[in-house]
Enquirer: 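Dumping the structure here so I can ask a few things about it.
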Amino acid sequence: MAEELSNKAVPKHIAIIMDGNGRWAKKRGLPRTAGHKAGGKTVEKICEEAYRAGVEYVTLYAFSTENWSRPKEEVDMLMDLLRNYLSDSLNNAKKNNMRVRVIGDRSKLDPDIIKKIEETEEASKDYTGLRLQIAINYGGKDEITRAMKKIAEEVREGKIDPADIDQDVIEAHLDTAGLPAPDLLIRTSGEQRLSNFLLWQTAYSEFYFPDTLWPDFSKKDLLEAIDYYNTRDRRYGGVR
Ligand code: FPP
């Protein structure tokens, strides 16, 4: 664990909205796609640093259900980035002992991407290092809707009694089933919105909104986020 963290509470699970790629590129006179590419490099660096700091789970918002409405060229480029990342992640996951899981509605993705996701999840399922969740074609409302459909189906099949539906049952049908809720949510670039990310899971998370654009997000920014988390009084049960 890094020296500067030795007396600190490290969030077990950090969720990140990686915002500001477009502005990072614009500031440099580059196409938006260059910003996403640079953002992809930051992903690798921050996952390594987070694990080194003692974080156990990282969940990244890579592509939302709303992102399909971006220009086709940008959507295609983001899908290519994810394709490449998933191809590399077979090696990366092994190198970093990282367990990768994709959340979101993968049924709408290209078949080759679905295959890569399945391969990566299968190949990394017994790794014991960082647990990395990548949200692709993910929306919190969509996730909850899909969970409700699964529950309704199980009610119809007689597997669940409606009287037994409680928060645990709902959580077990979300894409994040089995994962702890995020302790800290970071959104870079100064925007202060949840944008349909982990709506259910962030009910009690701390929120941190640094001005840094995602491609510039560094180890220092990550440690500042953990510092911020340490300034919060994490009380449970009351009004927070
Ligand atoms: C938001 O910035 C960012 C995205 C919509 C894409 C995030 C994706 C990556 C960082 C690519 C790689 C991901 C992985 C897991 C390899 P924006 O384009 O909305 O920025 P702007 O608000 O400045 O325009």
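Read the numbers this way: they start at 1 and go in the same order the structure lists the ligands and their atoms.
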Enquirer: Considering heavy atoms of the protein only, find what lies nearest to atom 5 (C) of ligand 1 and give residue, atom and distance to 0.1 Å.
Expert: Asn67 OD1, 3.7 Å
Enquirer: Are any of the N/O atoms in Arg70 less than 3.5 Å from those in ligand 1?
Expert: yes
Enquirer: Between Glu49 and Lys220, does at least one N-O distance fall below 4.0 Å, as a salt bridge requires?
Expert: no
Enquirer: Within 45 degrees of the ring normal and closer than 6.0 Å to the centroid, is that where the cationic atom of Arg70 sits relative to Trp68?
Expert: no
Enquirer: Which of the numbered atoms in ligand 1 are below 4.0 angstrom from a heavy atom of Arg23?
Expert: 21 (P), 22 (O), 23 (O)
Enquirer: Is there side-chain contact between Met79 and Leu109, with heavy atoms separated by less than 4.5 Å?
Expert: yes
Enquirer: Yes or no on salt bridge (Lys or Arg N to Asp or Glu O under 4.0 Å) for Lys150 and Glu154, after CA distance, side-chain angles and deciding distance?
Expert: CA-CA 6 Å; Lys150 285 184 239 168; Glu154 288 175 36; over 6 Å; no
Enquirer: Quick check: are there more than 12 heavy atoms from other residues, nucleotides or ligands sitting under 6.0 Å from NZ of Lys116?
Expert: yes
Enquirer: Using 4.0 Å as the upper bound for N to carboxylate O, is an ion pair formed by Glu191 and Arg187?
Expert: no
Enquirer: Please work out which of His36, Lys37, Arg187, Gln133 has its closest non-hydrogen atom nearest to atom 4 (C) of ligand 1.
Expert: His36
Enquirer: Please state which protein non-hydrogen atom is closest to atom 24 (O) of ligand 1 and give its distance, to 0.1 Å?
Expert: Arg32 NH1, 3.0 Å
Enquirer: Name the closest protein heavy atom to atom 15 (C) of ligand 1, giving the residue it belongs to and the distance to 0.1 Å.
Expert: Ile134 CG2, 3.9 Å
Enquirer: So which heavy atom in the protein is nearest atom 20 (O) of ligand 1, and how far is it from that ligand atom?
Expert: Gly22 N, 3.0 Å
Enquirer: Do any heavy atoms of Ser189 fall under 4.0 Å from ligand 1?
Expert: no
Enquirer: When you measure from atom 6 (C) of ligand 1 to every protein heavy atom, which one gives the shortest distance, and what is it?
Expert: Ala62 O, 3.5 Å
Enquirer: What protein heavy atom is closest to atom 1 (C) of ligand 1, reported as residue, atom name and distance in Å?
Expert: Met18 O, 3.3 Å
Enquirer: Polar contacts were defined as any N/O atom of the residue lying under 3.5 Å from an N/O atom of the ligand; does this apply to Tyr85 and ligand 1?
Expert: no
Enquirer: What protein heavy atom lies closest to atom 10 (C) of ligand 1? Include the residue and the distance to one decimal.
Expert: Asn21 ND2, 3.4 Å
Enquirer: Around atom CD of Glu66, are there more than 12 heavy atoms of other residues, nucleotides or ligands at under 6.0 Å?
Expert: yes
Enquirer: When you measure from atom 11 (C) of ligand 1 to every protein heavy atom, which one gives the shortest distance, and what is it?
Expert: Leu81 CD1, 3.8 Å
Enquirer: Would you mind reporting whether His173 and Ile160 have side-chain heavy atoms less than 4.5 Å apart?
Expert: yes
Enquirer: For atom NZ of Lys115, decide whether the heavy atoms of other residues, nucleotides or ligands shown that lie under 6.0 angstrom number more than 12.
Expert: no
